[in-house]
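A quick write-up on the structure given underneath.
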Amino acid sequence: MIKSFNTVLSQKAKEPRLKQSFVMVSVLLATLSLLVSLQGITSDQSDVGLNTVEMIENHGYPCENHYITTEDGYILTYQRIPHGKNDDGSGQKPVVLLMHGLLSSSADYVNMGPDRSLAYLLSDIGYDVWLGNSRGNAWSRNHTDPEVLADAEKFYDFTWHEIGYYDLPAAIDHILEMTGNDGLYYVGHSQGCTSFMVMGSTKPEYNDKIKLASLMGPAGFMEHQSSSLLKVLGNHINEIEKLMKKYKFFELPDPKLLQQLAFGLCTVPENYQLCVNFLAVVDGEDSAQLQQEDFALILSNAPSNAGSKQFIHYGQQIKNGGFLWYDYGSEQNLELYGSETPPAYDLSKITAPVAAYYGKNDHLVYAEDAKTVVKSVSNVVNDYEIPYELFDHLDFIFAKDVVDLLYVELIKTMQAY
Ligand SMILES: *[C@@H]1O[C@H](CO)[C@@H](O)[C@H](O)[C@H]1NC(C)=O
């Protein structure tokens with residue numbers, strides 16, 4: 001039984017926060033909490049340094065790890081929050097799968113804490129919540145073939161195409177088998193949308209297993225990409241690909257080290273603007289919704305591992321236009337696809353109900369490109385440009401007001417399907 005989301009929100013608001021025993025103490029606390037609320041929702045710093053499982057357990061929710069093997073041998077680790085805190089887990093629940101973006105992980109859906117992160121909000125209203133980890137990220141770096149496992153060139157020989165073609169179908173089969181449900185709700189952010197679109201168009205039989213796909217910042221078309229850095233990189237993607245191969249740069253080098261560097265830099269107040277400016281290059285201007293205190297939480301798990309080919313495949317979309325299969329060069333394309341250029345993904349084959357959410361200040365997935373996705377898929381049930389001028393690419397996950405700006409709408413739409 002799904003509780004109304006508004007009921008949960010109002011219950012959360014009613015939870016007693018102040019002890020009334022001494023008037024003085026109350027007044028002091030009230031003043032303090034007013035000061036805090038003026039600065040936005042405070043983040044729960046007790047999650048700093050914890051991974052996805054530890055964060056979930058830190059807040060008293062149940063958490064399971066699931067190991068899912070794909071048809072091509074990758075062993076993925078997905079997390080599951082089978083039921084909410086005040087729920088014994090009995091009875092059939094609707095199932096939702098949350099899929100993160102590039103360079104990220106399942107941590108995205110819990111690291112802003114129980115009042116703000118989508119996994120908890122959905123768990124609290126009765127969903128069985130599954131958190132994906134795409135192949136190659138910190139949780140999904142295992143393979144059934146020891147030879148592939150030992151060879152970065154072989155292991156990281158995939159793009160988001162394979163995440164959509166192999167990972168998602170394997171995960172959906174596993175989840176439906178474990179829960180006895182005949183379909184699930186899908187929520188993706190960025191690459192989590194790209195891989196969904198790959199699955200829906202290349203394995204159309206999976207559309208029937210999707211009750212609703214909520215796509216937040218649906219990355220695919222990059223034709224309106226104008227961020228000068230990404231545009232330049234995209235236009236030279238073939239040369240970059242050759243260099244990466246030559247120097248055996250098959251995966252992002254040591255994300256743990258990058259995390260530590262960024263953590264050291266960005267959690268110091270004096271450097272905050274530097275970090276925001278750096279993010280603005282790709283994410284969107286201003287970062288008005290990003291709170292300084294959240295950097296430590298974000299950088300506890302991001303960036304996560306990713307393969308170079310994932311970036312190259314996106315760069316090809318900037319260079320070639322459209323939303324196309326991987327470009328291996330004319331000779332190999334001819335062999336693989338029967339044409340010198342890669343074919344386009346046929347998005348009209350995506351017949352599952354789709355709700356699309358996109359931001360006006362998103363510099364990775366421009367609103368115009370998101371609208372092309374909306375026009376291309378077959379069954380759009382909610383076409384929602386977030387009504388906030390400064391909403392950018394990371395705000396889907398980290399905005400201080402993400403619940404009001406987006407999740408209320410997203411969850412209401414889910415509950416209607
Ligand atoms: C990787 O998968 C194998 C099964 O193929 C398993 O025995 C092993 O424990 C896994 N390694 C890790 C680090 O999880």
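Just so it is clear, the model here is predicted, and its values are computed rather than measured. First listed ligand is number 1; within each ligand, the first listed atom is number 1.
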Identify which of Ile75, Thr144, Thr69, Asn65 has a heavy atom lying nearest to atom 4 (C) of ligand 1.
-> Ile75
Atom 2 (O) of ligand 1: which protein heavy atom is closest, and how many Å away?
-> Asn142 ND2, 2.4 Å
Side chain to side chain, Leu176 and Leu184, heavy atoms closer than 4.5 Å = yes
Is Asn361 reaching over with its side chain to a backbone N or O of Leu390, donor-acceptor style, under 3.5 angstrom?
-> yes
Could you list all the salt bridge (charged side-chain N to carboxylate O under 4.0 Å, His left out) pairs where at least one residue sits in residues 233-244, not counting sequence neighbours?
-> Glu241-Lys245
Think Lys309 forms a cation-pi with Tyr156, using NZ or CZ under 6.0 Å from the six-ring centre and within 45 degrees of its axis?
-> no
Atom 7 (O) of ligand 1 touched by protein (heavy atom, under 4.0 Å) | no
